[in-house]
Amino acid sequence: MNLFRLMGDVSHVLAVFILLAKIWRTRSAAGISGRSQILFTIVYLARYMDLFFSFISLYNTVMKLLFISASCATVYLIYFKFRATYDGNHDTFRIEFVLVPSLLLAFIFHYSMSFFELAWSFSIFLEAVAILPQLFMVTKTGEAENITSHYLFALGSYRALYILNWIYRYYTEGHFDPIAVCAGIVQTILYCDFFYLYVTKVLQGRKLQVLP
Amino acid sequence: VSAAAAHDEL
């Protein structure tokens with residue numbers, strides 16, 4: 001554990017809770033992509049199956065359970081409890097376009113040809129692109145509410161901080177995980193455009209609007 | 001790369 005990874009994890013947890021709290025307190029899922037949230041739930045379930053047979057630390061176990069339960073709760077709020085407020089008309093990104101390539105990539109790049117390792121690789125590739133339905137929705141509606149922007153900023157920062165953590169770990173312990181690093185870089189690049197808008201608009205008190 | 005398959009990150 002180093003400061004970069006800790007900050008990355010804090011940012012990740014913050015993102016998850018910002019989103020849950022926003023939906024709960026406004027009693028609305030407007031502007032939130034249910035499809036992205038389903039993809040994140042698949043990511044956590046596929047990656048954290050190791051909960052049952054490998055113990056890393058209490059910290060890891062608690063975080064894994066937290067991500068699985070929070071993402072399931074988010075999907076439940078969007079598709080069941082506050083379904084009437086969910087903006088399905090604008091949430092039209094075809095998720096098979098990210099599910100199928102992630103699965104194919106997992107069959108090509110993995111650390112061993114076992115079910116759990118393939119699921120792990122699949123989850124890493126899927127996580128990199130799971131936000132696409134949400135970004136697509138923001139582009140389609142042309143704007144995002146400020147809390148949604150804070151959520152996206154915290155979620156994007158998490159993988160960017162992990163990149164610093166990987167650089168640090170490479171120099172201090174010789175640790176190098178090429179699959180996670182490549183996917184993590186792609187994931188962070190996807191947020192770059194949003195980061196720019198966030199800094200130039202949201203942080204200056206304006207609403208995030210995308211040019212047509 | 002041996003450390004990679006340990007998956008000690010989230």
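From a predicted model like this one, the values you see are computed outputs, not experimental measurements. Convention: sequence-line order gives letters A, B, ...; per-chain numbering from 1.
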_Options A:Tyr158, A:Tyr48, A:Tyr44, A:Phe67, ranked by heavy-atom pairs under 4.5 Å with chain B, top entry_ =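 Answer, by heavy-atom pair count under 4.5 Å with chain B: A:Tyr48.
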Check whether more than 12 heavy atoms from other residues, nucleotides or ligands sit under 6.0 Å from atom [atom1] of [X], and answer yes or no.
X	atom1	value
A:Tyr168	OH	no
A:Tyr196	OH	no
A:Phe52	CZ	no
B:Glu9	CD	yes
A:Arg83	CZ	no

_Sidechain N-carboxylate O distance under 4.0 Å for B:Asp8, A:Arg169_ =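 Yes, charged N to carboxylate O under 4.0 Å.
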*Does the side chain of A:Arg47 reach to within under 4.5 Å of the side chain of B:Leu10, using non-hydrogen atoms?*
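Contact flag for A:Arg47/B:Leu10 side chains = no.
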_Least distance between heavy atoms, B:His7 atom then A:Ile56 atom_ = O-CD1, 3.8 Å
*Side chain / backbone / both / neither for A:Asn60 at chain B, heavy atoms under 4.5 Å*: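 Both backbone and side chain of A:Asn60 come within 4.5 Å of chain B.
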*Heavy-atom proximity to chain B below 4.5 Å, by part of A:Tyr59*: side chain
